Colleague: 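Handing you this structure, nothing more for now.
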Amino acid sequence: MSIKKKDNKNTTEDINTDTLLRPQIWDDYIGQEKIKRNLNIIIEAARRRKEPIDHLLFYGQAGLGKTTLAKLVSYEMNAPIKITSGPTIDKAGDLAAVLSNLEEKEILFIDEAHRLNRMIEEVLYPAMESRKLHIIIGKGAGARSISIDLPPFTLIAATTRINLLSAPLQSRFGATFKLDYYDQKDIEAIINRSAKLLNLKIEPEAITILARAARFTPRTANRLLKRARDYLEVNNESVVTQNVAEKTLEFLDIDKLGLEKQDRVLLETIIEKFDGGPVGVNTIAAALNEDKGIVEDIYEPYLMRIGFMRRTPKGRVAEPAAFKHLGKNPPQKLL
Ligand code: ADE
């Protein structure tokens, strides 16, 4: 079972639990201190001016809390929020319908914004800049363009792949925030908080083990905790111990640093087929049967974060720590 790939296929029970675990107020939100500070300034200033906040762009790996932050902004601004995503806005008319139904100061959250097509972006530009909706009515010689005034609103867009967002769109946001990986201590605090909310007893050693395998990502941390809870349920146990945490990871085929099958294939390609590298990203993408952009944006960031690989002008190179993790000796050239 893949933790990463399961992201969009949660069961109803998972979704209910996720809602329970999601922080509802700033004080419950752990980590990303710098972003919280900066957002608070923007929110406070807008509140004093009695205006909606400027359009915001959040980017970063899946599961780092982009939607949670958008919801917290809506809560703090006391403004309603409408949530949609790039792939569901297929035609310009879809976006026009969403925009023309916005209330004053409402927040429109568009997830996976890199999947908006260019025609949709063209509708967004004037809406963001001057709160105008330009729509074409009719076809051919009789077609005419009308302009509708929109209420003051805020667009919050989120993406895992900032490079795929066009420059004109990026430039129209008043502030852009990069969500970074959390540190081990924050992930441990998140697991601790979630365990309390789920009424789960968990030993400190188990928290450390689950946190270390959580890829510095809250969503993954919570998912591991939920699977540990399943393990308890099925085995009639009552405390998440070190043993339960280890068994949970084993059952999920996740190793103690959170690596999954595809991560191991990636490292093995560099290490076994190319003697540690350098090897081009296209070759790695072919070995994983994935798009080059996915390798760069989804797989590599975590492996670089844990010091397992490096990007060089000649290609990807495995670090000695990766050899060690896979039980192999690094070649002399890397030492
Ligand atoms: N659950 C998911 N993300 C969280 C965060 N940043 N703080 C607290 N709980 C969370």
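Start at 1 and go down the list; that is how both ligands and their atoms are numbered. Because the structure is a prediction, the values reported are computed rather than measured.
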Colleague: Are T68 and ligand 1 in contact, using a heavy-atom cut-off of under 4.0 Å?
Modeller: no

Colleague: Is the NZ or CZ atom of R227 both under 6.0 Å from the centre of the six-membered ring of F251 and within 45° of that ring's axis?
Modeller: no

Colleague: Listed by chain and number, what are the salt bridge (charged side-chain N to carboxylate O under 4.0 Å, His left out) partners of D255, not counting sequence neighbours?
Modeller: R264

Colleague: My understanding is that only residues two or more places apart in sequence, or in another chain, count here; which of them pass salt bridge (charged side-chain N to carboxylate O under 4.0 Å, His left out) with E76?
Modeller: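 For E76, the residues satisfying salt bridge (charged side-chain N to carboxylate O under 4.0 Å, His left out) (neighbours in sequence not counted) are R47.
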
Colleague: Hey, is R22 one of the residues with a heavy atom under 4.0 angstrom from ligand 1?
Modeller: no

Colleague: Only heavy atoms of D28, strictly under 4.0 Å: list the atoms of ligand 1 that pass.
Modeller: 7 (N), 8 (C)

Colleague: Same cluster or not: Y231 versus I207, using hydrophobic residues (I, L, V, M, F, W, Y) connected whenever any side-chain heavy atoms lie under 4.5 Å apart?
Modeller: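 The answer is yes; both residues are in one hydrophobic cluster.
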
Colleague: Answer with yes or no whether D186 contacts ligand 1, where contact means a heavy atom under 4.0 Å from a ligand atom.
Modeller: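 The answer is no, since D186 has no heavy atom less than 4.0 Å from ligand 1.
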
Colleague: Side-chain heavy atoms nearer than 4.5 Å, only ILVMFWY residues, links allowed to pass through others: does that put L225 and I190 together?
Modeller: yes

Colleague: Around K82, counting heavy atoms of other residues, nucleotides and ligands shown, do more than 12 lie under 6.0 Å from its NZ?
Modeller: yes

Colleague: Assess P23 for proximity to ligand 1: is some non-hydrogen atom of it under 4.0 Å away?
Modeller: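 Contact check P23 vs ligand 1: positive.
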
Colleague: What is the closest protein heavy atom to atom 7 (N) of ligand 1, and at what distance does it sit?
Modeller: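 For this ligand atom, the closest protein heavy atom is I30 N, 2.8 Å.
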
Colleague: Quick one: look at R193 and ligand 1, take heavy-atom pairs under 4.0 Å, and tell me if it's side chain, backbone, both or neither.
Modeller: side chain

Colleague: Heavy-atom contacts with P218 under 4.0 Å: which atoms of ligand 1 show up? List them by number with element.
Modeller: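 Heavy-atom distances to P218 below 4.0 Å select 2 (C), 3 (N).
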
Colleague: Numbering the atoms of ligand 1 from 1, which are under 4.0 Å from a heavy atom of N222?
Modeller: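 In order of numbering, the contacting atoms are 1 (N), 2 (C).
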
Colleague: Salt bridge or not between E250 and K247? Use side-chain N to carboxylate O under 4.0 Å.
Modeller: no

